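Read through the structure below, which is laid out as structure tokens, and then see the notes.
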Protein chains: 2
Amino acid sequence: MARLTPSIACNDCPIRYRAVCADCDADELAMLERVKTYQTVQAGAHLASAGETLDHFASIVSGCATMSRTLEDGRRQTVGLLLPSDFIGRPGRAQSAFDVQALGEVTICRFERRAFERMVRDTPHIATRLLTMSLDELDAARDWAVVLGRMTAREKLAAFLVSLARRQAQGMGGRVSGGGVTLNLPLTREELADHLGLTIETTSRQMTALRKDGLIDLPQAREILIPDFEALSAEAGEDGDGGPIV
Amino acid sequence: MARLTPSIACNDCPIRYRAVCADCDADELAMLERVKTYQTVQAGAHLASAGETLDHFASIVSGCATMSRTLEDGRRQTVGLLLPSDFIGRPGRAQSAFDVQALGEVTICRFERRAFERMVRDTPHIATRLLTMSLDELDAARDWAVVLGRMTAREKLAAFLVSLARRQAQGMGGRVSGGGVTLNLPLTREELADHLGLTIETTSRQMTALRKDGLIDLPQAREILIPDFEALSAEAGEDGDGGPIV
DNA sequence: GTCGGACATTGATCGAGATCAAAGCGCCCT
DNA sequence: AGGGCGCTTTGATCTCGATCAATGTCCGAC
């Protein structure tokens, strides 16, 4: 499975700015500092809509958002989960290809479009970084296509929990202790189902099945404890190449 | 659905080099011309294997290849179809994330890795172009995830045929005449099934169903005639935003 | 020609997940 | 406390696509 690379993000957001700019002149980013604005939106708010023209880029500071498409008859598929430090917007594209919707309260850091693109143009290594980020997302999207196309409901759920655990551990949003991992599930069962390409009922049933089989514990519906990370990874059909959680 | 942008490709390959380099100094690409080599491989040949370290990039000159992953138990999912002018390899990544396999006889144009990356580094607008290409692929991968996650077998097949028709028309590999479109299907039913996330039997049955419903004609198993492109698009759940075939 | 093998179609049956329906559980509000 | 609402779980049944099995078609080798 793909590993994600640190995103472009702001200096005093609690994010991985240094990683981006270790080899970057402070001056080159000063411009961004001048135009950035913080914004906090409530659960359900649309950060972008498919086809909408955006005048800004953003990175997620806190909270969680989904990228999804809804078909005319109401079927919805989530194509990506955005966590803190993830980037919203596509350099060179004014239009969003998918809906981006806040799950809970979300704080983003916005950059005015023109300023951001000027910086990209004038700072070659930022362009390289953006390319790397895009390729990571591409790998992740294709990995997920394999899950959607060929895995069973149980495997889909296990694969999602494993990947979320890895990302939360990476972003320090989760706790790892003695082989056990605690996950805060930022999605409702419905949002989860939309990501897995399942119905809410099947998702709930598989969650119960994993619990009964001792692979996860559910102190609360939205809090998941993984006692044996390796065991859950095995359910996701991983042969171990995904690496440990930390 | 996503529109693809012309790829990086070689000068005298019958591809869209000019589009790439309209604003490019001939000198900047001369280096590539010196290191490029053509290679023709037979059906089934692996152009890359997941995890394998690649010392080159390539673009497809003729023929067709798939990007896929095979699970340990043999389940396979194709995550992308590579047609002439499509690019193989990921700048900045030495390893391939997926298997790339030739479907029929395939000719590629190879660029030595180091030379290519040097050119990317020294030619900012090439980096921008690569970013654009990656974002196109990202859109395409996410679009396909929606198909895999939420569409019925019939819709999946229709969606694939429509997108293949668009790409072949774009690449002049297909003929458009009086509303009717002829497609050369470069895939066997099995390869098609692996792309659609279905079995070979279901794929075949849906093909027959579309034929019986007059949406396609099948003079031969691998030749598909689309009498009414709009009608087939509608089967794919498109509301018309995908645009016409030409 | 006809043999053999790869590819494709069709039929019969099965089963995972969808659908329809009903509780159960938190939690806020009055 | 009790009512209402959103989220979750569980149960009963149905259906689409998978699976198992057979047959058909094309094409190249001999």
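What you are looking at is a predicted structure, and each value in this text was computed from that prediction instead of being measured. Numbers restart at 1 for each chain; the letters A, B, ... are given by sequence-line order, proteins then strands.
- Note on B/Glu238 versus B/Arg166: salt bridge recorded, some NZ/NE/NH1/NH2 to OD/OE distance being below 4.0 Å.
- One can place CE of A/Met151 at 13 Å from P of C/dG17, the figure rounded to the nearest angstrom.
- In terms of polar N and O atoms assigned as donor or acceptor, the side chain of A/Arg205 comes within less than 3.5 Å of the base of C/dT19 in a complementary pairing.
- Separating the CG atom of B/Leu187 from the P atom of C/dC7 is a distance of 13 Å, rounded to the nearest angstrom.
- Atom C1' of nucleotide D/dT19 and atom CD1 of B/Ile200 are separated by 13 Å, given to the nearest angstrom.
- One end of the helix from C/dG1-D/dC30 to C/dT30-D/dA1 points its axis 20° away from the other end's axis, with each axis taken from 5 pairs and the angle rounded to 10°.
- Salt bridge absent: A/Arg222 and A/Glu191 never bring a charged side-chain N and a carboxylate O closer than 4.0 Å.
- No hydrogens or angles considered: nothing links the side chains of B/Arg69 and B/Gln77 as a donor-acceptor pair under 3.5 Å.
- Under 4.0 Å is where a charged nitrogen must lie from a carboxylate oxygen, and between A/Arg150 and B/Asp73 no such pair does.
- Rounded to an integer number of Å, the gap from CD of A/Gln206 to P of D/dT8 is 16 Å.
- Annotation: the span from A/Leu198 atom CG to A/Leu148 atom CG amounts to 8.5 Å, rounded to 0.5 Å.
- Both A/Thr188 and B/Gln220 sit near DNA chain D, but only A/Thr188 has its closest nucleotide nearer the 5' end.
- Between B/Arg75 and A/Glu155 a salt bridge is recorded (basic side-chain N to carboxylate O distance below 4.0 Å).
- Separation of the A/His195 and A/Phe160 ring centroids falls under the 6.0 Å cut-off.
- Applying the 4.0 Å criterion to OP1 and OP2 of C/dA18, one finds that A/Thr202 has a side-chain N or O inside that range.
- When the P atom of D/dC16 is taken as reference, atom CZ of B/Arg154 falls 12 Å away, rounded to whole Å.
- Using a 4.0 Å heavy-atom distance criterion, B/Arg222 is classed as a sugar-phosphate-only contact.
- Here the C1' atom of nucleotide C/dA8 and the CZ atom of B/Arg211 are 12 Å apart, to the nearest Å.
- Between A/Arg76 and A/Glu190 there is no salt bridge, since no side-chain nitrogen of the basic residue lies less than 4.0 Å from a carboxylate oxygen of the acidic one.
- Between the CZ atom of B/Arg75 and the P atom of C/dA16 there is a distance of 13 Å, rounded to whole Å.
- The phosphate of C/dT10 has OP1 or OP2 within less than 4.0 Å of a side-chain N or O from B/Thr208.
- Taking a 4.0 Å limit (strictly below) on heavy-atom distances, residues 189-199 of chain A reaches DNA chain D at A/Arg189.
- In this entry the distance linking CD of B/Glu201 with C1' of C/dA12 reads 12 Å, nearest Å.
- Ion pair B/Asp194/B/Arg189 not flagged as a salt bridge, since none of the NZ, NE, NH1 or NH2 atoms sits closer than 4.0 Å to an Asp/Glu carboxylate oxygen.
- Considering only the side chain of A/Ala153, C/dG17 comes nearest among C/dG17, D/dT10, D/dA21.
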